[in-house]
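Worksheet: the structure to be examined is printed underneath.
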Protein chains: 2
Amino acid sequence: MPVFLDTAAADFEAQFSALLSAKREDSPDVDDAVAAIIADVKARGDAAVIELTAKFDRLDLTPETLAFTSEEIDAACEQISREDRAALELAAERIRAYHVRQMPEGAQWTDPEGATLGWRWTPVSAAGLYVPGGLASYPSSVLMNAIPAQVAGVERLVICAPTPDGKSNPLVLMAARLSGVETVYRIGGAQAIAAMAHGTETIAPVDKITGPGNAFVAAAKRRVFGKVGIDMIAGPSEILVIADRDNDPDWVAIDLLSQAEHDESAQSILVTDDAAFGRAVAEAVEARLKTLGRRAIAGASWRDFGAVITVRDLAEAAALSNRVAPEHLELCVADPEALMPKITHAGAIFMGQWTPEAIGDYIGGPNHVLPTARSARFSSGLSVYDFIKRTTLARMTPEALKAIGPAAERLAMSESLEAHGLSIRARLDRLNEDAT
Amino acid sequence: MPVFLDTAAADFEAQFSALLSAKREDSPDVDDAVAAIIADVKARGDAAVIELTAKFDRLDLTPETLAFTSEEIDAACEQISREDRAALELAAERIRAYHVRQMPEGAQWTDPEGATLGWRWTPVSAAGLYVPGGLASYPSSVLMNAIPAQVAGVERLVICAPTPDGKSNPLVLMAARLSGVETVYRIGGAQAIAAMAHGTETIAPVDKITGPGNAFVAAAKRRVFGKVGIDMIAGPSEILVIADRDNDPDWVAIDLLSQAEHDESAQSILVTDDAAFGRAVAEAVEARLKTLGRRAIAGASWRDFGAVITVRDLAEAAALSNRVAPEHLELCVADPEALMPKITHAGAIFMGQWTPEAIGDYIGGPNHVLPTARSARFSSGLSVYDFIKRTTLARMTPEALKAIGPAAERLAMSESLEAHGLSIRARLDRLNEDAT
């Protein structure tokens, strides 16, 4: 059973705080093992990667077979049904259209003192995407990671996707092809992250690494951060649904389960202004759990981390949601546009009952890589911004330097940075000489 | 002596690679000590912070004296000369004007299928800025960190600034006041980062921590990352100057020294298409080093990490600069606007001989917190983007769901995520029923 909370109850605050701080994930401490793997790949390159792949993925590779060949990818793509291919193409097209609109523009202007100021955006040169193997090998994640990089103008885009026992997912390879990926390496784990960060004889280093992964991958990304850029460290997924009584309890129940089925550590929370509706949704969840394929996972998640919270009104619902800062937020209310401005922290908002969260996982257009574990308080989902960076621009004229230089010189001297001050003073002196 | 390289030399590539990979910083391994400090602050709150401050800063505090009072800040501001105050105010005004232009706008549109898509930007609720004590206590850094947060709309902005032996910098306090900081705590080190991330009885937790610091502060920021957002982990500073012969060698020399004087690990590189000009600059550096106040630091940096590189032409200079990805880049050339588009990786560009880098440290307007250690390949300087986050928006109509839902359902099923598929199918079935 999930917890049932009511903001009108005396102990609500204590119970809600407990829900907020519940530890949903055991992070095994793999840091020493990961440090050793990274050092090994740095020292021995391909040889280390190949040995580690034999050990962890039971797959024998050579430098020549580290990457899929173009023919292998062709062959994989031919296995895919016409319908699956069309679905993947439509998803790619819609994700691309959304992210193209995200590309920001540079700016340049001249201020009253005559200083020209501004900034430029430029793409990262090379990016590496990690795609987990096995059950969590999702073609949709390939699109969501690679397309923003492609839209940003990244020149070289590679994927590392382990193929345990040699098994690969044709849809992953097709998604890679649809999104401009140059090379797909069949390696995974910390060794793949190390190879992309430091490079090997065969694998050229990249500048930015994104994509989800297990504890080894997460620890490796943390360690190579600084040498390369990384996206977020993803935690277990969560959804919060704010629903009024004018919803089909079954729809809301399935939406909650669509998060719960990801992972036993996932969290699904319903916030409603109608206690009876809340109970009806909980019953609908139980009914759906009887037949759902992934009922063991979804049931454990709902039992351990699920919650149904009754609130006085929708404003209170928004305030609670902001404290959760959920990765996914559904506003299943009559007027979602009116409620939306009250939401200050959420990864993605799905508005109205015709917008199940799953539409955003695949085909809506916005990215499905979103901040988890309350990090929407300070971070955003994946986007073109992850693959570009900003260079600031400044150009002084002699007049501008005369106008603002003396203040800079004074501040430099107050910080005891004499050469900073002198670099301005030498120029101002020349201007004064020239004037006399 | 700095190294002298020439792209025409046979061993240039080897020497340049060595320069690029030179390890400039010893990072002492303080991670275990920092982990213990964070655990202590988490467990014992104020008491731990107070004990650690007594130990490291030789300063006895109570929960009541952890923060400067408004009267203490008033008194500090009154010690400041009219000229210093005016300089700080002009800097704050110009930094604010630049960052106001950075604020991006949200977007919302409806696509041909009837799906409404878009995103909103919202500020982080609370941010904490770290300001080092002692020699590196720079009021300009307070402005550069706090003003972007203020412009972004951060509600609560606090500073932690250690005051070893009780010594504080009045200009730091004034800069805090000029940039909307609510509270300045006189604590530092890993204990300050822990207090801001986890909160204590007196110090409410924040969502984002920025600002430079020593090895303890850097290790603590790395550890609390995830619980809160952090900015970059700053390394030693660097400048690269691309200069043609039509420059005053002395000006370029001082510009190089203005970076070198920060830190013995700082790096200053001159790239010129005129070998004689390069030698003249090196001589001018030696001359300036005779009298410069911080000659011990600047001299060591120039000797150990300085470089003068002669290139065939400016295009080659740009290509080398891109491989360095310098934090600061001066284009002291006749037509900097023409060279600028060739620059693909740099934290900040200073264009033309009238724009010494120091102008950007204080008063130009752009931020002086910039990516170091070649990280301009994948990251940007501090900006309003560090204090806002993006929530994506999606709203389907029944028609839009009919148009794109089936493809999402298919992809969900191909990933064995049944509930994802069902959440769309249940709605599509209703639409089909309604239609019949």
Side-chain angles (χ1 to χ4, degrees), chain A residues 84 87 90 98 117 122 124 138 140 171 207-208 226 229 233 251 254-255 257-258 261 292-293 344 346 348-352 354-356 358-360 362-366 377-380 389-396 398 401 404 407-408 410-412 414-415 418-420 422-424 426, chain B residues 84 87 90 98 117 122 124 138 140 171 207-208 226 229 233 251 254-255 257-258 261 292-293 344 346 348-352 354-356 358-360 362-366 377-380 389-396 398 401 404 407-408 410-412 414-415 418-420 422-424 426:
Chain A
D84 279 354
L90 180 61
Y98 182 93
L117 302 170
T122 47
V124 163
Y138 295 143
S140 58
L171 284 165
D207 302 300
K208 175 104 187 188
I233 304 286
W251 293 8
I254 311 175
D255 294 358
L257 287 171
S258 75
E261 75 173 343
L292 194 68
T344 52
I349 300 179
F350 303 88
M351 298 199 287
W354 296 101
T355 318
I359 213 78
Y362 295 106
I363 209 155
R377 292 176 296 122
F378 55 81
S379 63
S380 312
K389 60 267 183 332
R390 210 180 45 252
T391 300
T392 62
L393 306 173
R395 180 171 193 168
M396 298 294 132
L401 196 68
I404 67 173
R410 176 162 277 277
L411 290 171
S414 82
E415 294 184 353
E418 183 190 355
H420 284 65
L422 286 172
S423 73
I424 294 161
Chain B
D84 279 353
L90 180 61
Y98 182 92
L117 302 170
T122 48
V124 163
Y138 295 142
S140 57
L171 284 165
D207 302 300
K208 176 103 187 189
I233 304 285
W251 293 8
I254 311 174
D255 293 358
L257 287 171
S258 75
E261 75 174 343
L292 194 69
T344 53
I349 301 179
F350 303 88
M351 298 198 288
W354 295 101
T355 318
I359 213 76
Y362 294 107
I363 210 156
R377 292 176 296 122
F378 54 80
S379 62
S380 311
K389 61 266 181 336
R390 209 180 46 253
T391 299
T392 62
L393 306 173
R395 180 170 192 169
M396 298 294 131
L401 196 67
I404 68 172
R410 176 163 278 276
L411 291 171
S414 82
E415 294 183 354
E418 183 191 355
H420 284 64
L422 286 173
S423 73
I424 294 160

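Note that these values count all heavy atoms, side chains included, but never hydrogens, waters or copies made by symmetry. Chain letters run A, B, ... following the sequence lines, proteins first and then strands; every chain starts at 1. Just so you know, these numbers come straight off a predicted model, no measurement behind them.
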(Q) To check you understand the geometry: which heavy-atom pair defines the closest contact between B/Glu261 and A/Glu418, and what is its length? (A) OE1-N, 3.2 Å
Q | Pairs of heavy atoms under 4.5 Å with chain A: top-ranked of B/Gly360, B/Gly364, B/Pro398, B/Gly293 | A | B/Pro398
Q: Output the option from A/Ile363, A/Leu411, A/Thr122 having the highest count of non-hydrogen pairs under 4.5 Å with chain B.
A: A/Leu411
Q. In this structure, which one of A/Ser380, A/Pro366, A/Ser379 forms a side chain to side chain contact (heavy atoms under 4.5 Å, CB included) with B/Arg390?
A. A/Ser380
Q.
Heavy-atom pairs under 4.5 Å with chain B: which of A/Ala426, A/Gly365, A/Ala412, A/Gly352 has the most?
A. A/Ala412
Q: Answer with side chain, backbone, both or neither: which region of A/Thr391 has an atom nearer than 4.5 Å to a non-hydrogen atom of chain B?
A: both
Q.
Quick check on the interface: out of B/Leu90, B/Asp255, B/Leu257, B/Leu171, who has the most heavy-atom pairs with chain A under 4.5 Å?
A. B/Asp255
Q. So, for B/Ile254 and A/Ala419, which heavy atoms are closest and what is the spacing to 0.1 Å?
A. CG2-O, 3.4 Å
Q: Check whether any side-chain N or O of A/Thr355 sits under 3.5 Å from a backbone N or O of B/Met396 as a donor-acceptor pair, and report yes or no.
A: yes
Q | Max heavy-atom pair count under 4.5 Å with chain A, selected residue of B/Leu401, B/Ile424, B/Ile404, B/Leu117 | A | B/Ile404
Q: Quickly, which of A/His420, A/Arg410, A/Glu415 forms a side-chain hydrogen bond (donor to acceptor under 3.5 Å, both in side chains) with B/Tyr362? Name it, please.
A: A/Glu415
Q: Identify, with sequence neighbours excluded, every residue that meets salt bridge (charged side-chain N to carboxylate O under 4.0 Å, His left out) alongside A/Arg377.
A: B/Asp207
**Q.** For the student: nearest non-hydrogen atoms of A/Ser423 and B/Pro356, plus distance
**A.** OG-CB, 3.8 Å
**Q.** When B/Ser414, B/Ala408, B/Ala394 are compared by non-hydrogen pairs under 4.5 Å with chain A, the top option
**A.** B/Ala394
